[in-house]
Protein chains: 2
Amino acid sequence: MIAGMSHEPARASAIADLMRAGREMSRLSMVFRYAIAERLGLTVSDLECLDYLADVGSATAGQVAERTNLTTGAVTSMLRRLQQAGYVTAERDPADRRRVIVTLRPERVAELKRPYERFAERAERLVEGYSVEELMLLVRHYDRMQAMYLAELDGLPSR
Amino acid sequence: MIAGMSHEPARASAIADLMRAGREMSRLSMVFRYAIAERLGLTVSDLECLDYLADVGSATAGQVAERTNLTTGAVTSMLRRLQQAGYVTAERDPADRRRVIVTLRPERVAELKRPYERFAERAERLVEGYSVEELMLLVRHYDRMQAMYLAELDGLPSR
DNA sequence: TGCGAATATCTTAATGACTAAGATGATTTG
DNA sequence: CAAATCATCTTAGTCATTAAGATATTCGCA
């Protein structure tokens, strides 16, 4: 028996609320992703690839495959698709001519970010009222959740 | 100029961290979802449908279509698939014989929940150290984020 | 009551992203 | 230099999905 036992019901229900809210968030973020991709006339994999490239600038085809969980064959056709649509350039790495280096066209970045902009603005407004401590709590929690996901994905039979 | 101006840099970087962490969380939760579906030999849509039915017990084919963002045609074949695999039963609504009522077979629920169990355990352990106040802050934040997603999805040209 | 509109699901044909397997070409290693 | 390894590409086939329209049922209104 611990002190604060009387708080346990509130605690348990808060935890249940958190779990439920977490699941719903995950679902909605996925629906949102699909909606953004559709709006841009892209598949979710395309968007994943472009988001990744927006982060890292450029990457090899193999790195894209790993990031998107696609086979190299699927990446080949995805890159052809994205090249044709003018989103990326792809060229052999002169240093290792087996590799293909994929680069996001800088002039298309703004266009890709646009659908997220309103979202980002809303998010900024949402956290306006948060204290630095609260923000840090959230960040810490997200980081732990990330670690959890990674650990869990490790544990799942990959294929 | 406000008091606490000197906190602004810490604040700004905390906000930036939060945004980045949020994006990564969203991505990982999606990867996780794909992994679970694959493990069960289902598509993500199948999983979405079954999760929904686990929540509500049973629903009409049309409700499933709306929830999963699929056309009615796609739902028809998905339900045939899930019926054949023994996950759901489907029968005409006697009250309105146009409708089809889909029900998750109770004996398959445990099997569907199993992949999430380890995850849930980890999550429980993760929040063990949180105070009730912290938990409530997280829930409130998630709820606001949900509202944001919904508002944003509303604004996007649906199709 | 009965008839046209609306509703819910199903069918069909076609599309396209994706996978598996193996080919091709480049690089590394012994 | 030959064999092994690596990175990407090709090919053939699969399967979930869509669009368009068919079918069956219910609702609304004269």
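Numbers restart at 1 for each chain; the letters A, B, ... are given by sequence-line order, proteins then strands. Every value quoted in this text rests on a predicted model; they were computed, and no experiment measured them.
Phosphate proximity of D:dC9 to A:T76: present, with a side-chain N or O under 4.0 Å from OP1 or OP2. Look at B:R80 and you'll find a side-chain N or O under 4.0 angstrom from OP1 or OP2 of C:dT11. When the side-chain nitrogen and oxygen atoms of A:R98 are compared with OP1 and OP2 of D:dC6, none of them lie within a distance under 4.0 Å. Between B:R97 and D:dT25, a side-chain N or O to OP1/OP2 separation shorter than 4.0 Å is present.
Taking the side chain of A:A74 as heavy atoms from C-beta on, and the options D:dT17, D:dC9, C:dT19, the nearest nucleotide is C:dT19. Looking at the side chain of A:T72, the nearest of the listed nucleotides D:dT25, D:dC9, C:dA17 is D:dC9.
Rounded to an integer number of Å, the gap from B:R92 CZ to D:dT26 P is 10 Å.
Using a 4.0 Å cut-off between charged nitrogen and carboxylate oxygen, A:R114 and A:E111 do not count as a salt-bridge pair. One finds no salt bridge joining A:E121 and A:R118 here, because no Lys/Arg side-chain nitrogen approaches an Asp/Glu carboxylate oxygen to under 4.0 Å.
Nearest-nucleotide assignment on DNA chain C puts the 5′-proximal partner with B:R99, out of A:D93 and B:R99.
Contacts between residues 41-65 of chain A and DNA chain C, counted as heavy-atom distances below 4.0 Å, involve A:T43, A:S45.
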Which pairs would a plain distance check flag for residues 141-150 of chain B, meaning a side-chain donor or acceptor within less than 3.5 Å of a matching protein atom at least two apart in sequence or in another chain?
| residue | atom | partner | partner atom | Å |
| --- | --- | --- | --- | --- |
| B:R144 | NH1 | A:Y130 | OH | 3.0 |
| B:Q146 | NE2 | A:A21 | O | 3.4 |

List, one per line, each side-chain donor-acceptor pair under 3.5 Å for residues 87-96 of chain A, sequence neighbours excluded.
| residue | atom | partner | partner atom | Å |
| --- | --- | --- | --- | --- |
| A:R92 | NH1 | A:R97 | O | 3.0 |
| A:R92 | NH1 | A:R98 | O | 2.7 |
| A:D93 | OD1 | A:A95 | N | 2.8 |
| A:D96 | OD1 | A:R98 | N | 3.1 |
| A:D96 | OD1 | A:R98 | NE | 3.1 |
| A:D96 | OD2 | A:R98 | NH2 | 2.8 |
| A:D96 | OD2 | A:R99 | NH1 | 2.6 |

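For C:dC18, its base never sits under 3.5 Å from the side chain of A:T71 at any donor and acceptor pair.
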